[in-house]
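First up is the structure itself, then whatever we jot down about it.
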Amino acid sequence: MSDLLDDDLELRIGTLQLSTDNVATNAEAQRPGREKTSGNARSTPVNVPPSSVLSGADSLTSSSSSFADARADGATNAQPETEQEAVQTVYPRYDVPFNRENIKDFFTFRRGVVENAIQECITALLFPEDGEYLGSWLLTEITLWDNEKERIVLLTSRLVMTIKYDFIAMKQLDFKKTYLDDLDTIVIGELVYPPSSLVPRLNGIATGVTTVVKDCVIDRLCRRPSEAEEAKLFDPKYFEPRERNLRGVRLMWNKGEALPLKTVWNPFSQDVPFITFASHPIYWHKDGGVDERSTYDMEIFAQKLQRAVETAASACCIHHSPIVIQSYVGITSLLHNKTSMGFFKVRGKFSF
């Protein structure tokens, strides 16, 4: 009898082990689109081989899908809470800049203005020796001092051209060529500040004051607020620190060397060995689908830039990681960006 029990016990243990293997195999097979060499890991860090980092061949595809998930409002809200925890991305959702009414003050929001300006720049500034034309965009350039500026960007198989354009007088003011052969690093990721930076705190205070004045004080003068609006007056969440919550791409040609002090402390320096782009504010307010908004989309520019670098067999290294903006106080940039001084728009009775 004891022999029979032993045999039966061994048989059951073997059956349990077989069932566990099947479950593990099925669970592994049901994981959608799991890439082992991804430059944009989710909650579990993944070791990226050096070849993947240098070429960026596998990173952009996986990161593009997660970026699209971050842009889709309400996409994760439709999933159960357990699935949200499993598929949660490391990047926050976008904070939509400006509102529908304010964006109409931008001259670039008017029909045909951007298209005509881009065509003029292509005709006047691009030559056959600049390489094959690959695309054009209207993006936001973020300077070393964290100032946002409106720029036309042209991409060819040999260079990236950044153009300062007057959208009121409809004429080009300045341009700069950055050759792909000179690039040593391209970083695509979230724009972040150093841990010791005061910018997120100041940004939260400024946003809180603006919200209270606009939504609470001005609205009280125009109409009688409801009881719910009375309760949320001076809500502390209005003044919480606010990060950029914005993604960007940085093109670098400093070969890993630190910036000299004369460049770091000079807001007018033209020798900064990198350039940073983000999506234009119009991207979030433009009517139409993906094609209509692609002109203002930094992600599409980053994809085509990566393909151009890979096609040119450049030694440029492509990383998908946070982009650090070395701004620690940022009072001037806060005023500059809150008033959108880097964009051409109608400002009361004036336009500049």
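Keep in mind the model is a prediction, meaning the values are calculated, not measured.
- Other residues, nucleotides and ligands contribute at most 12 non-hydrogen atoms within 6.0 Å of the CD atom of Gln270.
- Counting heavy atoms of neighbouring residues, nucleotides and ligands inside a 6.0 Å radius, atom CD of Glu132 does not exceed 12 of them.
- Around CG of Leu173, the count of heavy atoms belonging to other residues, nucleotides or ligands within 6.0 Å exceeds 12.
- Heavy-atom neighbours of Glu257 CD from other residues, nucleotides or ligands within 6.0 Å: at or below the threshold of 12.
- Defined by atom type and a distance below 3.5 Å, a donor-acceptor pair is present between the side-chain atoms of Asp146 and Tyr193.
- Between the side chain of Thr311 and the main chain of Arg307, a donor-acceptor pair closer than 3.5 Å is present.
- Taking the six-membered ring for Trp and the full ring otherwise, the centers of Phe344 and Phe107 sit at least 6.0 Å from each other.
- In this structure, OG1 in Thr140 is found 12.5 Å from CG in Asn147, a value given to the nearest 0.5 Å.
- Electrostatic pairing of Glu150 and Lys345 does not count as a salt bridge here, judged by no charged N lying under 4.0 Å from a carboxylate O.
- Contact check on Arg293 versus Asp287 returns no salt bridge, with no Lys/Arg side-chain nitrogen under 4.0 Å from an Asp/Glu carboxylate oxygen.
- Val192 and Ile275 sit in two unconnected hydrophobic clusters of ILVMFWY residues. Membership requires side-chain heavy atoms under 4.5 Å apart, directly or through other members.
- Less than 6.0 angstrom separates the ring centroid of Phe343 from the ring centroid of His280.
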